[in-house]
Amino acid sequence: MPETDTNTFYVTTPIYYVNDKPHLGHVYTTTVADVVARYHRLKGDDTFFLTGVDEHAAKVSDKAAEHGLTPQAWADQNAAAFKETFDKLDLQYDDFVRTSSDHHKAKVTEYVAALLKSGDVYEGEYTGWYDAGQEEYVPENKAKDNDYKSEVNGKPLVKKAEKNYFFKLSAYRDELLAHFEKHPEFVQPDARRNEIVNRIKEAQDVPISRTGSGGWGIPVPGDEEQTIYVWIDALFNYLTYVDMDGRRHYWQSGATHFIAKDILWFHAAIWPALLLALRKCEGFSDWHGLGELALPKQVYSHSYWVSESGEKMSKSLGNFLDPAAIDNYVAEFGLDALRYFLATRGPLGTTDSAFSPDLFIETYNADLANTFGNSASRVSNMIGKYFGGFAPDHTATIFAEIDSDAILDESVAQAALVVASRNFEKCVLDFASHAGMLCVSTVDRHIEQTAPFKLAKDESKLPEVGTILYNCAEALRIASVLLWPFIPHKVEDFWRRIGCGHYAEALADHGHGDLDAWVQWGQLKPGTPIEKGDPLFPRYQVEKK
RNA sequence: GGGGGCGUAGCUCAGUGGUUAGAGCAGGGGACUCAUAAUCCCUUGGUCGCGGGUUCGAAUCCUGCCGCCCCUACCA
């Protein structure tokens, strides 16, 4: 696939903690990544989209034991639930990470061994407040909050020291700060960068191993007593799954990591520092002949969906959208409506977003039913009525006076492409969708001002009507291409109705499009059968108070 | 306790020093009838959280307060 002039795009989601059930938060991040990945495939980029699950947590082996299963069997079961959720939503990831896979384990072992050899991972001693009842260390601030007593049984915590391996994060402060300086777009949104920069200045070495994992997890190379911490194990997934023949160029092109704001520190500080450290190791300064091991291009940290009353959706409050609730939305409104809402009304910025059923319906009716769906209906209906269902000729002149914001020609297509592209590149998805929607609104205004339905009553004016409707259909076709990443299934239906089914075929099964060619004005051939079909997005009737 | 962010029309949000603060949706009025009671035009609506300060001029910069959120070495 990679041609010399093909761009490469690599996008990831976090790998999800496998003991949780999939919920709205997981679906959201994965949907955002899918929309962006589809944009790149549409554009013709050699694209790789990775998601998956994080399995090596202590709770996984605990829970497995409770259920009388091996940790692996338990993990298999839960990983399948995530896969099923994502597959049902047609989120087209290119591979699905399992941290319990042999490949991942072997690669993590290789990386950590290299870091041990270079000295960036070293043996040290961790001292902290230990809760003997819970068999776990309590962070200093939490211990203090509870007056140095166990949160669970109230017994005093004890100072305990144990051997651990540490990563020399402190040695990479300057390099990290220099990287932030040189690449201001590394952490997005901008506002998030400050808190990380401040914290890097004070960064201490971090422990990266623990004991007593009962064989679940990846051992520290050369020290079977110690297991690599899950979060280090997990971070490496972004690299392990492309560290194989045929995929390494994805890593070198610079990854885009979508994450939620709570795990920004790991991704914006520890992860690049690990890579900087790895770069100095044998075999990574010229990684498989591809040059110095790359750093991620961008870490995009989004906020949370909250309930209507503004509370964080959480398990303990029992107010988050679980797979059943998500299924209900899909059943009622369709897959594309859910995607469109999540991607365009979601918390991509620094502020949390409320998941409100009213707002969902409002967005669905306003953008999908009344704008795109309705415009497609009126144009295809008139072509059916006045031209027997075939795209008309467009050589006649239009005599109506048209305002500048209602003109339909190649400049509209070009402007929409520019706006959509710029915003997709910056991951500003609401604005990216507006580009296509604006194109559709222009069609509605154009129809209003040229009134083809009036002209059609006079047979001598049919050629003019033909030009008007041809331009409308062309603008809708171009809008639909720009909207495909958001509402792929309905757009593909629409394409089949207007003789563009080959777009859908090209994009099927992780295929690639040709955005620049497809948004050229005048691609629709006169004489092409145009089918009206059922409404793409039937309006949702709301009971009025 | 420390660091960071947010608070703008009924709702969701743009807007980081400069004319009477904007958009979409909702509300009101009108037009049209090709269309999914859709669409198009016009329109109501804001002491920009509160108080001080800097400035010729602040939603925008500084400061105090109030409310909400994130991070603060291992539970993503």
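Protein chains get the first letters and strands the later ones, always in sequence-line order, with residue 1 at the start of each. All values below come from the heavy atoms of this structure, side chains included, with hydrogens, waters and symmetry mates left out. Keep in mind that what you see is a predicted model, and the values were worked out from it rather than measured.
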>> Distance check needed: B:A73 C1' versus A:Ile196 CD1, whole Å only.
In response: 13 Å
>> With a 4.0 Å cutoff (strictly under), does any side-chain N or O of A:Asn370 reach OP1 or OP2 of B:U39?
In response: yes
>> Which residue is it: A:Phe486, A:Phe360, A:Trp305? I am looking for the one with a side-chain contact (heavy atoms from CB on, under 4.5 Å) to A:Leu342.
In response: A:Trp305
> Among the nucleotides B:A73, B:U39, B:U36, which one has an atom lying closest to any side-chain atom of A:Gln204?
Replying inline: B:A73
> Looking for any heavy atom pair under 4.0 Å, which part of the strands does A:Tyr16 touch: base, sugar-phosphate only, or nothing?
Replying inline: nothing
>> With no hydrogens and no angle check, just 3.5 Å: does a side-chain donor-acceptor pair link A:Arg345 and A:Thr363?
In response: yes
> Using atom P of each nucleotide, how far apart are B:C41 and B:A23 to the nearest Å?
Replying inline: 13 Å
> Atom CG of A:Leu264 to atom C1' of B:A73: distance rounded to whole Å?
Replying inline: 16 Å
> Which nucleotide, in any strand shown, forms a Watson-Crick or G-U wobble pair with B:A31, with both distances under 3.5 Å?
Replying inline: B:U39
>> Could you check whether A:Asp493 pairs with A:Lys490 (Lys NZ or Arg NE/NH1/NH2 to Asp/Glu carboxylate O, under 4.0 Å)?
In response: no
>> Considering every strand and a 4.0 Å limit on heavy-atom distances, what is the contact class for A:Leu469: base, sugar-phosphate, or nothing?
In response: nothing
>> Just to be sure I understand the rule, does A:Pro538 reach a base, reach only the sugar-phosphate, or reach nothing, if contact means heavy atoms closer than 4.0 Å?
In response: base
Look for any protein N or O under 3.5 Å of an N or O in nucleotides 6-15 of chain B and output each such pair with its distance, or none.
from	atom 1	to	atom 2	distance (Å)
B:U12	O2'	A:Arg345	NH2	3.4

> So what does A:Asn374 touch, heavy atoms closer than 4.0 Å: a base, only the sugar-phosphate, or nothing?
Replying inline: base
> Which word best sums up how the rings of A:Phe258 and A:Tyr300 line up, parallel for under 30°, tilted for 30 to 60°, or perpendicular for over 60°?
Replying inline: tilted
>> Once you apply a heavy-atom cut-off of 4.0 Å, does A:Asp54 come out as touching a base, just sugar-phosphate, or nothing?
In response: base
> Hey, is the main chain of A:Asn164 close enough, under 3.5 Å, to the side chain of A:Arg210 for a donor-acceptor pair?
Replying inline: no
> To the nearest Å, how far apart are A:Tyr304 OH and B:C70 C1'?
Replying inline: 7 Å
> Of A:Pro207 and A:Asp233, whose closest RNA chain B nucleotide lies nearer the 5' terminus?
Replying inline: A:Pro207
> Considering Watson-Crick and G-U wobble pairs with both distances under 3.5 Å, what does B:G45 pair with?
Replying inline: none
>> Any base atoms under 4.0 Å from A:Trp231, or only sugar-phosphate, or nothing? Heavy atoms, all strands.
In response: base
> Rounding to the closest angstrom, what is the interatomic distance between B:G45 and B:A21 at atom C1'?
Replying inline: 13 Å
> Taking a pair as Watson-Crick or G-U wobble with both distances under 3.5 Å, which nucleotide is matched to B:C68?
Replying inline: B:G5
> Which is true for A:Arg192 with a 4.0 Å heavy-atom rule: it touches a base, it touches only sugar-phosphate, or it touches nothing?
Replying inline: nothing
>> Expressed as a whole number of angstroms, how long is the span from A:Phe341:CZ to B:G24:P?
In response: 19 Å
>> Rounded to whole Å, how long is the line connecting atom NE2 of A:His257 with atom P of B:A76?
In response: 19 Å
> Charged N to carboxylate O below 4.0 Å: is that the case for A:Asp233 and A:Lys105?
Replying inline: no
> With a 4.0 Å cut-off on heavy atoms, is A:Ala366 in touch with a base, just the backbone sugar-phosphate, or nothing at all?
Replying inline: sugar-phosphate
> Under 4.0 angstrom, heavy atoms only, what part of the nucleic acid is A:Arg445 near: base, sugar-phosphate, or nothing?
Replying inline: sugar-phosphate
> What nucleic acid atoms does A:Val230 come within less than 4.0 Å of, heavy atoms only: base, sugar-phosphate, or nothing?
Replying inline: base
>> I need the CG-C1' distance between A:Leu455 and B:U33, as an integer number of Å.
In response: 14 Å
> Which base, if any, makes a Watson-Crick or G-U wobble pair with B:G22, both distances under 3.5 Å?
Replying inline: B:C13
> How is A:Ala234 classified with respect to the nucleic acid when contacts are heavy atoms under 4.0 Å: base, sugar-phosphate, or nothing?
Replying inline: base
> What interatomic distance, in whole Å, is found between P of B:C71 and the corresponding atom of B:G52?
Replying inline: 35 Å
>> Nearest whole Å is fine: how far is B:U72 P from A:Lys201 NZ?
In response: 19 Å
